[in-house]
Amino acid sequence: MEKSGSLDDIDLALVHALQLDGRAAFNRIGEILGVSEHTIARRYRRLRAEGLLRVVGVLDGTLYGHTSWAVRLVCTPDAAGPVAEALARRDDTVWVRLTSGGTEIVCGVHAAGEDGGELLLKKLPRTPRLVAMTAHATLHMYAGWRSRVAVLSADQAARLRFVPHQALSPQEPRAAAVSRPESRAVAVDLGEQDRAVLRVLAQDGRTGYGELAAAGRCSQSTVRRRLDQLRGAGALRFDVEIPSRALGYRAEAWLWMKVRPSRLAEVGAALAAHPEVDVAAAITGPSNLMAGVTCRDTQDLYRYLTERVAPLDGVRELETSPVIRTVKRVGAVLP
């Protein structure tokens with residue numbers, strides 16, 4: 001396999017392994033990949049230090065009554081950068097991107113309840129040099145933040161994929177367990193101890209159990225058991241952050257579409273099947289469907305728009321917003 005962007009074969013295999021289980025032990029990853037634990041640990045530390053790889057713990061806010069919003073802000077050219085960076089530092093923003101020549105900010109917000117929260121209703125309208133703002137509540141996800149790295153064999157993936165300890169019976173091998181249909185995600189009651197641990201995981205999903213126990217003021221065995229419970233219920237997942245450019249992709253864009261309501265579900269499902277699409281969702285507002293896409297270059301993006309999106313029946317209008325810079329990705333403020 002040729003190098004993809006700045007990552008080689010071992011790097012890509014490590015990324016894929018962490019996508020399957022963000023907290024998998026380095027010795028287990030090394031054993032399955034056929035390399036030493038030292039090599040895996042060294043590669044992870046290098047990629048982490050260079051800002052190319054990060055594992056973060058993400059709580060499924062929809063299970064706890066949170067509404068997911070996509071907010072579009074148009075600022076004066078001198079204000080977009082500072083406003084984007086200020087938004088990225090907020091706990092209620094999940095991702096922040098500069099688009100459309102650097103004058104527009106698109107960000108994801110998780111707000112408790114359906115009113116959009118303090119950020120939408122109070123803070124943003126009073127932001128100096130803010131020209132326009134629209135907020136779109138997510139109604140349905142067709143595709144959500146998936147990976148572009150899949151280099152491991154089916155057997156390797158099965159051995160690495162996370163399975164809650166309580167899901168395994170003494171007679172059931174791990175590979176058989178991962179093939180079972182997944183149960184529907186359910187909310188698990190959270191205490192202050194849980195929230196303290198989750199705040200640490202949101203910064204570094206691979207934080208050791210000792211540090212997590214100290215943050216939650218409990219024992220390591222309690223932290224292990226609680227994380228297993230949250231992951232098994234589908235309330236907590238671990239995402240792997242990696243810049244698209246590191247994988248050889250240099251053209252990202254947000255698509256805002258007006259789709260005939262009778263065709264909305266069909267078009268959304270079609271977009272979800274496209275490998276170029278990272279996320280696709282039905283939303284409220286002037287546009288009723290949004291999608292984030294990643295292509296190799298601008299010519300590849302052009303071909304995707306004209307050959308894959310244009311023929312979809314029901315798309316009445318399409319607006320393309322090229323991503324200029326990602327300021328925050330999956331909860332992490334990026335340099």
Side-chain angles (χ1 to χ4, degrees), residues 18-25 54-71 89-95 107-122 137-141 144-146 161-170 172 174 177-178 180-241 279 281 328-332:
L18 292 174
Q19 288 168 346
L20 295 167
D21 183 356
R23 291 187 62 84
R54 188 168 183 242
V55 179
V56 292
V58 181
L59 189 71
D60 187 347
T62 61
L63 297 176
Y64 297 90
H66 291 186
T67 302
S68 178
W69 296 80
V71 181
R89 289 191 291 269
R90 292 184 60 96
D91 291 337
D92 51 0
T93 59
V94 185
W95 48 268
C107 64
V109 178
H110 279 173
E114 299 180 355
D115 61 359
E118 180 185 11
L119 175 64
L120 295 176
L121 294 181
K122 298 180 181 179
T138 300
L139 300 177
H140 180 76
M141 293 292 294
W145 304 113
R146 55 196 179 195
R161 191 170 287 112
F162 170 76
V163 178
H165 294 303
Q166 62 265 31
L168 292 172
S169 66
E172 184 177 27
R174 184 182 180 90
V178 298
R180 297 181 312 190
E182 295 184 0
S183 58
R184 190 172 182 178
V186 296
V188 176
D189 290 338
L190 300 176
E192 187 52 43
Q193 185 181 85
D194 298 313
R195 298 181 189 280
V197 170
L198 290 171
R199 282 192 289 269
V200 176
L201 292 174
Q203 297 301 314
D204 182 0
R206 291 191 62 84
T207 299
Y209 288 110
E211 187 175 340
L212 293 176
R217 298 183 178 181
C218 59
S219 67
Q220 292 190 37
S221 61
T222 297
V223 169
R224 287 176 183 269
R225 184 171 61 252
R226 192 58 170 164
L227 290 190
D228 197 65
Q229 182 182 9
L230 289 168
R231 297 181 75 183
L236 174 66
R237 71 178 190 276
F238 289 91
D239 282 350
V240 176
E241 301 172 350
V279 59
K328 184 178 187 179
R329 177 186 290 111
V330 198

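Because the structure is a prediction, the values reported are computed rather than measured.
Panel note: side chain S68, backbone T138; no donor-acceptor pair is recorded below 3.5 Å. Proximity of a side-chain donor or acceptor of D194 to a complementary backbone N or O of G191 within less than 3.5 Å is detected.
Counting heavy atoms from C-beta on, the side chains of V94 and V58 never come closer than 4.5 Å. Residues R226 and V197 are not in side-chain contact: their nearest non-hydrogen atoms beyond the backbone lie 4.5 Å or more apart. Contact of the R23 side chain with the V55 side chain is not registered, since no non-hydrogen atoms from C-beta on lie closer than 4.5 Å. Using a 4.5 Å cut-off on side-chain heavy atoms (C-beta onward), V109 and R90 make no contact. Taking 4.5 Å as the limit, some side-chain heavy atom of R199 sits within range of a side-chain heavy atom of R195. L18 has its side chain within reach of R206: a pair of non-hydrogen atoms, C-beta onward, lies under 4.5 Å apart.
In this structure, the salt bridge (Lys or Arg N to Asp or Glu O under 4.0 Å) partners of D239, at least two apart in sequence or on a different chain, are R237. Qualifying salt bridge (Lys or Arg N to Asp or Glu O under 4.0 Å) partners for R231, counting only residues two or more places apart in sequence or in other chains: D21.
The CZ atom of R217 sits 15.0 Å away from the OG1 atom of T222 when rounded to the nearest 0.5 Å. Here CG of L230 is found 11.5 Å from CG of D60. Values are rounded to the nearest 0.5 Å. Atom CG of L198 is separated from atom CD of Q193 by 10.5 Å, given to the nearest 0.5 angstrom. With rounding to the nearest 0.5 Å, the separation of CG in D204 from CG in L212 is 9.0 Å.
Taking each heavy atom of L59 and A235 in turn, the nearest pair found is CD1-O, 3.2 Å. Counting all heavy atoms, side chain and backbone alike, K328 lies closest to T93 at NZ-O, 2.6 Å. When every heavy atom of V188 is checked against every heavy atom of Y64, the shortest pair comes out as O-OH, 2.7 Å. Among all heavy-atom pairs drawn from A215 and A196, the shortest one is O-CB, 3.5 Å.
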